[in-house]
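Shown next, in structure tokens, is the structure this report addresses.
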Amino acid sequence: MSEADRTVLSMRDVKKNFGPVAALKNMRLEVRPGRVHTILGENGAGKSTLMKILVGVHPPTEGRMELDGQPYLPQNPTEASQRGLAIVFQELSLCNNLSVAENIMATHEPARYGFINDRKLRQQAAELVANLGLPVNVDAKVGQLSIAQRQLVEIAKGLSHPAKVLILDEPTSSLSDSEAEILFGIIARLKARGTAIIYISHRMEEIMRLSDDITVIRDGEYVTTRAREDTTIEELIALMVGRRMDEIYPPALEPLPGLSTAPVLQVSGLTRAGEFDDVTFDLCPGEIHGFFGLVGSGRSEVMSALFGMREAQGEIRVDGRAVRFRNAADAIKAGIGFVTENRKEEGLVLGAALRTNISAAAIPAFTGRAGFMNFGAERRAALAEVQRLAIRTNSLDTLAGTLSGGNQQKVVLAKWLLTRPRVLILDEPTRGVDVGAKFEIYRIIRQLASEGTAILMVSSELPEVLGLADRVSIMAGGRITATVAGTDLTPERVMAYATGTLK
Amino acid sequence: MTQTPDPITASQGHRLRALMLQYGGILLALVLLCVIFTALNGRFMTVANLTNILQQVAVVAIAAFGMTWVILLGEIDLSIGSIIAVAGMVGALALGFGFVPALLLTLAAGALMGAINGVLTAKLMLPSFIVTVATMGIYRGLVSLPTNGAPAMIADPAWLAIGAGTFLGLPIIIWIVLVLFVFNHILLSRTTFGRRTYLTGGNREAALYSGIKVDRLKIAIFTLSGVMAAVAGILLSSRLYSAQTNAGMSYELDAIAAAVLGGTSLAGGVGTMVGTLIGALIIGVMNNGMNMLSVPYFYQLIVKGLVILIAVWLDVRAKQRRA
Amino acid sequence: MTQTPDPITASQGHRLRALMLQYGGILLALVLLCVIFTALNGRFMTVANLTNILQQVAVVAIAAFGMTWVILLGEIDLSIGSIIAVAGMVGALALGFGFVPALLLTLAAGALMGAINGVLTAKLMLPSFIVTVATMGIYRGLVSLPTNGAPAMIADPAWLAIGAGTFLGLPIIIWIVLVLFVFNHILLSRTTFGRRTYLTGGNREAALYSGIKVDRLKIAIFTLSGVMAAVAGILLSSRLYSAQTNAGMSYELDAIAAAVLGGTSLAGGVGTMVGTLIGALIIGVMNNGMNMLSVPYFYQLIVKGLVILIAVWLDVRAKQRRA
Amino acid sequence: EGIGASLLTQQHPFYIELADAMKAEAEAKGVPLEISIANQDLNKQLADVEDFIVKGVDVIVISPVDSQGAVAAIAKAQAQGIKVITVDIPIANAEVTSHIGTDNYTGGVKAGELMGKVLDGKGKVAIIDYPTVQSVVARIDGFKKGLEAFPDIEIVAQQTGITRAEALAVSQNMLQANPEITGIFGFGDDAALAAAVAAKSAGLQDQVKVIGFDGMEEARNAVDSDPIMVGVIQQYPQEMGKTAVDTAVDVIAGKTVPAEQPIVPGVYVKK
Ligand SMILES: Nc1ncnc2c1ncn2[C@@H]1O[C@H](COP(=O)(O)OP(=O)(O)OP(=O)(O)O)[C@@H](O)[C@H]1O
Ligand SMILES: Nc1ncnc2c1ncn2[C@@H]1O[C@H](COP(=O)(O)OP(=O)(O)OP(=O)(O)O)[C@@H](O)[C@H]1O
Ligand SMILES: [Mg+2]
Ligand SMILES: [Mg+2]
């Protein structure tokens with residue numbers, strides 16, 4: 001038996017129930033050293049649950065697992081890590097008030113008699129980060145980092161000690177292509193060293209590039225495992241969603257007749273020291289305006305300033321009238337909606353019901369007489385959004401925190417669709433969303449645009465930006481370096497502006 | 001994929017079951033207590049005694065309603081004991097202007113003290129724990145100034161009737177508790193104000209992004225808590241025929257305990273008025289029942305602690321089962 | 001983007017500045033208080049009086065060290081006041097077996113009571129607020145049983161020397177505070193135990209995922225808090241020549257206030273022992289200074305509240321400036 | 001059936017002795033006695049009395065948490081036809097069947113006179129008080145009255161120290177601010193004993209004289225053995241408790257009892 005045929009980790013007939021919810025029904029998996037094994041499935045199919053079972057966060061309800069031919073049933077993450085498994089979690093599991101270095105080295109700090117050697121700790125973390133080629137400052141407090149940088153820290157943490165099996169649960173969901181490239185380089189090196197890698201992602205191109213084996217799961221059930229050479233994107237999608245999909249980026253729809261062409265939003269000279277500088281653009285009804293840039297280029301900050309959550313100099317006009325938003329309520333009243341990028345912190349109340357989350361930004365719309373909530377209308381509206389976005393849940397009263405990552409993202413989207421905004425800001429709207437749902441979201445974006453909603457779309461996924469946007473503003477270092485449209489809208493040009501090689 | 005059942009009938013049909021599921025543990029604790037006390041003392045389960053319990057629990061229950069709001073926001077209000085005392089004193093002194101002016105002045109004083117807590121917490125962004133520890137001292141100091149620490153007697157018959165009178169055969173004080181319970185319950189569970197409170201307590205950042213004016217809400221809720229404490233202070237001073245400068249001392253702990261017993265999470269975002277009422281009743285039944293059984297004071301302390309532990313444990317277990 | 005300076009020189013060079021940045025606001029408050037009291041009373045700034053302050057603050061400071069751990073974890077311990085009393089009583093009664101056995105028994109009792117809090121919180125998954133409200137009553141009831149509420153006299157010279165004796169010219173009680181401060185400070189800032197506490201308090205989920213045994217940690221920390229309270233109880237009983245059954249009543253609030261004044265966040269994950277010590281000193285200086293100035297009791301309450309507000313406000317402002 | 005007693009506290013030796021004396025006497029007379037502890041909370045006292053009413057006691061003995069605020073509880077009991085006897089602390093503005101108590105004001109005067117005598121009529125005096133308790137206020141007023149006879153004695157500080165720990169800190173600080181203090185009056189034994197400790201730790205044991213109030217065993221021993229403790233005003237809880245129960249028994253038997261049964265405090269000085 002050659003090394004590559006050896007199974008390092010296997011699981012058979014694994015079941016996992018969360019109360020009445022059957023997250024996994026009959027999972028099967030064989031992972032081999034030096035190969036990237038991708039798990040593919042829709043949102044809520046059970047991928048993260050599978051990984052959490054592997055690293056001892058949840059015990060399986062039933063089933064057998066083996067590691068190196070030995071029975072394997074980790075009771076907690078420590079045991080899993082001692083047995084040689086490492087994981088980069090989908091939902092960030094970092095401590096905001098500690099530094100990057102302290103997070104990366106958490107629980108295996110260089111220490112003697114329990115005393116931590118801080119110098120060594122920072123050195124080791126800095127070395128690790130440098131070796132990995134990650135652009136993060138190890139002394140920064142994690143709470144001050146952007147979501148993308150936190151994801152890089154999470155990756156560094158997962159790689160901070162050697163492992164036989166490395167699990168990456170949607171590591172690229174908030175990375176832009178250039179950071180993703182760094183990660184792919186790392187993966188290649190680990191592969192060469194014989195590390196087995198379990199990889200989860202919803203980005204099909206990436207999957208086809210990286211994977212050696214691909215396991216498809218659907219509704220918690222094992223569907224099939226294919227070698228990458230023996231399959232195609234189309235087939236995988238069909239296996240995953242149970243039907244054929246021809247296109248991912250739906251074509252633009254005819255705009256409704258009588259749409260005004262006057263800009264609905266005009267931004268000029270928007271500046272906030274240290275974050276962004278002289279941001280100027282305008283936005284017309286029905287337009288999809290993309291914002292592209294590398295991590296930390298300041299796009300999210302601009303959007304939160306537009307939404308009244310940050311003070312900034314400069315002028316914002318809505319329908320030609322100058323406005324000054326003191327808070328998000330003002331912005332919402334002016335018809336702006338904002339799908340934020342960090343769903344856990346800014347998007348959702350994890351401990352509240354789905355219904356409560358979906359109506360959160362549209363409370364005024366469900367206010368009846370004397371401040372009473374109109375529960376019937378709220379339920380009907382929430383239900384409509386749940387169905388439109390195919391959010392996987394069995395009740396509107398489910399707590400948002402128990403949904404899978406991608407479904408949580410859809411809830412945030414639903415919440416803002418419900419406000420019927422005239423200007424919708426989307427910050428990484430498809431972060432962690434599966435292909436089928438992505439298509440659905442794109443279709444909705446198109447639909448909204450055709451009805452006259454103006455859309456500002458921040459995305460780090462270049463294909464997504466190119467596939468949807470009419471115009472793209474490219475940000476680098478807090479400034480808009482170019483705005484391109486039409487035939488200029490090519491991947492090469494956009495990347496060149498983003499990285500600063502073209503000015 | 002989405003096996004969403006019809007949401008409207010779902011919520012209506014399982015109403016009662018949902019109630020049992022939600023409060024099963026804590027209700028069980030309350031019922032157990034009552035059964036035990038009834039078995040041990042025949043006079044426990046009499047109308048007179050149950051009325052007694054409700055009257056005795058009134059002050060803490062009303063304060064706990066206000067506290068529930070504050071805790072739901074993820075904040076805390078330790079000053080309510082002192083506000084109770086100040087309210088009584090303001091009432092006693094203002095009764096010179098007549099009953100209605102005194103009532104209004106007292107409620108206004110409660111609102112003002114609550115609003116100060118709220119403004120300091122929301123606008124200066126100080127932790128509410130430390131703000132209300134500070135105002136707890138300040139208000140307690142203030143209450144003692146007019147009489148130099150002595151109590152102020154109350155003779156106004158209308159004021160005294162609040163604590164001693166009856167209406168339709170039920171003590172007025174119980175009516176007040178019921179009305180305030182219904183008011184707070186509806187405000188919390190049926191209005192947008194309540195909804196905003198849950199959202200903000202659950203995730204302040206997300207609430208801000210959803211367009212909720214968190215600062216205003218916070219001030220409103222601390223004000224509400226102050227008003228509830230003022231009502232509690234009115235009842236207390238009426239029951240005691242006097243305003244005591246050390247009235248309400250450490251009632252904040254009882255109020256918090258009632259809320260937490262009733263399932264309110266100190267992290268914010270989770271809790272109900274029904275739970276708080278049950279929590280307050282548990283505390284009241286326990287105090288009364290042990291008095292009826294002549295349990296010596298120190299043993300009462302111990303038993304009370306044990307009962308609280310068992311009640312929360314029953315509740316936590318019931319909730320785990322459900323999940 | 002990553003302008004990482006050399007990390008090692010950076011940390012050494014900016015040590016002092018970092019200290020000022022971190023504690024600037026609260027240090028300023030402490031210094032201001034001292035300046036005001038010195039200006040108003042010449043006897044304030046004397047060695048004798050400063051020794052006085054340190055002695056008076058000792059009990060609360062030590063309890064606050066323990067409390068800081070608990071709060072860092074995102075929990076709370078309201079039972080320490082009662083543990084202080086139980087510790088004194090155990091000591092007084094156990095002195096019959098000799099000084100050393102009494103000392104050990106007292107510390108063991110503190111550890112046991114803390115561990116009970118920890119186990120109930122960690123293993124039964126009850127909220128620590130309600131657990132320690134309950135044990136506050138239970139321990140307070142227990143302390144009164146042996147003497148039926150009366151104080152127990154202490155005559156053992158070694159035990160009394162703890163509160164009254166000196167060593168190298170400094171009262172032993174101050175030595176104890178210093179040693180425990182250094183111990184807790186190092187344990188928190190330099191060891192893996194401390195780091196785990198920060199991680200767990202900052203993000204419990206993340207800590208679990210990182211393989212920290214959160215339950216064990218929690219029990220250990222409540223135990224530590226119990227031991228600290230026991231030491232505080234020993235000091236108090238030694239200073240008072242007796243174990244009082246109402247000793248330490250409401251000291252938990254002072255301890256929490258000291259920690260929060262010192263910048264410890266009740267949400268967990270943020271705080272230091274240095275801050276807590278400064279917080280405790282502010283409380284001590286304030287009490288002493290106002291006594292020296294013969295400020296009447298009620299005004300003291302008010303002034304104390306105001307000073308706490310101003311101190312936290314200065315601190316919050318300083319931190320905002322920095323950010 | 002029987003007597004219900006609602007006492008102010010159970011964490012003070014005076015009240016412990018009072019309760020013990022009541023229990024002993026009730027046993028001797030064969031009458032049921034139940035004791036509730038109000039723990040210094042007037043609202044709890046009211047609840048305790050309400051519970052007594054429901055239980056159907058014949059007589060209530062009460063040591064009011066507050067001499068004015070307890071009116072509510074007493075009125076409630078009397079409205080049900082239950083007779084009320086107060087011990088230790090009298091009730092203002094209400095008629096009770098009988099009051100048995102120390103004359104705190106007179107005790108305070110005696111303390112003032114003693115202080116004047118031990119200081120030879122001159123010096124500086126500090127007071128530790130508890131301003132929200134009326135019996136203590138009476139003691140302090142009496143003490144000041146007693147000192148009026150000594151114009152060369154000046155009261156230089158008056159601070160609040162409720163528990164022994166607080167009293168210790170307060171006396172340390174007063175001595176620090178006024179090192180020329182020669183006399184300290186503590187409103188109770190705890191305050192006085194703490195003041196003595198503070199004087200010693202400040203090295204002023206030869207200068208300061210301390211007088212207390214209550215006169216429980218610990219304080220009396222201190223007066224005997226500790227030169228700083230020059231005297232203590234002594235109350236008689238046993239006598240008070242016994243009288244209270246005897247009075248209650250008489251009331252149940254339908255006898256008339258005196259409305260006032262004052263127990264004059266003694267002055268305990270070194271043997
Ligand atoms: N703690 C939990 N309690 C209840 N249900 C849960 C819990 N965790 C996961 N689930 C449910 O289990 C199912 C699988 O979730 P999981 O997170 O594994 O999906 P996923 O495949 O990782 O999806 P995504 O691509 O969106 O991340 C979902 O229906 C989810 O709601
Ligand atoms: N190397 C770094 N170290 C510390 N902070 C950084 C670093 N780089 C950027 N930041 C911070 O990150 C923020 C910029 O991230 P932001 O989220 O605005 O970028 P973005 O363009 O939206 O990109 P993305 O959302 O993809 O991360 C700024 O607040 C900046 O201070
Ligand atoms: Mg997932
Ligand atoms: Mg961003």
Side-chain angles (χ1 to χ4, degrees), chain B residues 71 74 76 78-79 82 120 124-145 148-149 245 249-250 252-254 256-257 259-261 264-267 279 296-313 315-317 319-320, chain C residues 71 74 76 78-79 82 120 124-145 148-149 245 249-250 252-254 256-257 259-261 264-267 279 296-313 315-317 319-320:
Chain B
I71 300 180
I76 197 108
L78 298 177
S79 72
S82 298
L120 289 172
L124 297 192
M125 298 200 280
L126 310 181
S128 57
F129 186 98
I130 203 87
V131 164
T132 56
V133 154
T135 57
M136 169 168 90
I138 295 175
Y139 301 157
R140 182 67 65 188
L142 287 176
V143 70
S144 311
L145 295 186
N148 196 23
T245 53
M249 200 93 96
S250 86
E252 57 277 353
L253 284 187
D254 276 350
I256 300 173
V260 176
L261 259 177
T264 310
S265 155
L266 285 163
Y297 178 63
F298 301 125
Y299 290 97
Q300 286 201 12
L301 286 178
I302 298 174
V303 173
K304 229 163 112 173
L306 291 175
V307 170
I308 291 180
L309 284 179
I310 294 170
V312 212
W313 176 69
D315 198 43
V316 166
R317 224 186 39 155
K319 289 207 171 113
Q320 277 170 350
Chain C
I71 300 180
I76 198 107
L78 298 176
S79 71
S82 298
L120 290 171
L124 298 192
M125 298 200 279
L126 310 181
S128 57
F129 186 97
I130 204 86
V131 164
T132 57
V133 154
T135 56
M136 170 167 89
I138 296 174
Y139 300 158
R140 182 69 65 189
L142 287 176
V143 69
S144 311
L145 296 186
N148 193 24
T245 54
M249 201 94 96
S250 87
E252 55 277 355
L253 285 186
D254 277 350
I256 300 172
V260 177
L261 261 175
T264 310
S265 156
L266 285 163
Y297 180 61
F298 305 125
Y299 290 96
Q300 285 199 16
L301 287 178
I302 298 175
V303 173
K304 229 162 111 172
L306 291 175
V307 169
I308 290 180
L309 283 179
I310 294 171
V312 211
W313 177 69
D315 198 42
V316 166
R317 225 186 40 155
K319 290 209 172 110
Q320 277 170 350

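So that the names make sense, note that chain A is the first sequence line, chain B the second, and so on, each numbered from 1.
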Nearest 0.5 Å, what's the CZ-CD1 distance between Phe129(B) and Ile76(C)?
5.0 Å
For the atom pair CZ (Arg140(C)) and OH (Tyr297(B)), what is the distance rounded to the nearest 0.5 Å?
9.0 Å
Do [X] and [Y] have side-chain heavy atoms sitting under 4.5 Å apart?
X: Leu253(C); Y: Met136(B); value: yes
X: Ile130(B); Y: Ile256(C); value: no
X: Leu309(B); Y: Leu126(C); value: yes
X: Phe298(B); Y: Thr245(C); value: no
X: Leu301(C); Y: Ile138(B); value: no
X: Tyr299(C); Y: Leu142(B); value: no

Could you tell me which of Thr135(C), Val133(C), Leu120(C), Val260(C) has the largest number of non-hydrogen atom pairs under 4.5 Å with chain B?
Val260(C)
Among Asn148(C), Val307(C), Asp315(C), Leu78(C), which residue has the highest count of heavy-atom pairs closer than 4.5 Å to chain B?
Asn148(C)
Interface residue of largest heavy-atom contact number with chain C, from Gly149(B), Gly137(B), Ala267(B), Pro296(B), under 4.5 Å
Gly137(B)
Chain C interface, residue from Val131(B), Val303(B), Leu145(B), Val143(B) that has the most non-hydrogen pairs under 4.5 Å
Leu145(B)
I would like to know whether Leu124(C) and Val312(B) meet side chain to side chain contact (heavy atoms under 4.5 Å, CB included); could you show each step before the answer?
CA-CA 10 Å; Leu124(C) 298 192; Val312(B) 212; over 6 Å; no
On a heavy-atom basis, which atom in Ala134(C) and which in Gly305(B) lie closest, and how many Å separate them?
CB-O, 3.3 Å
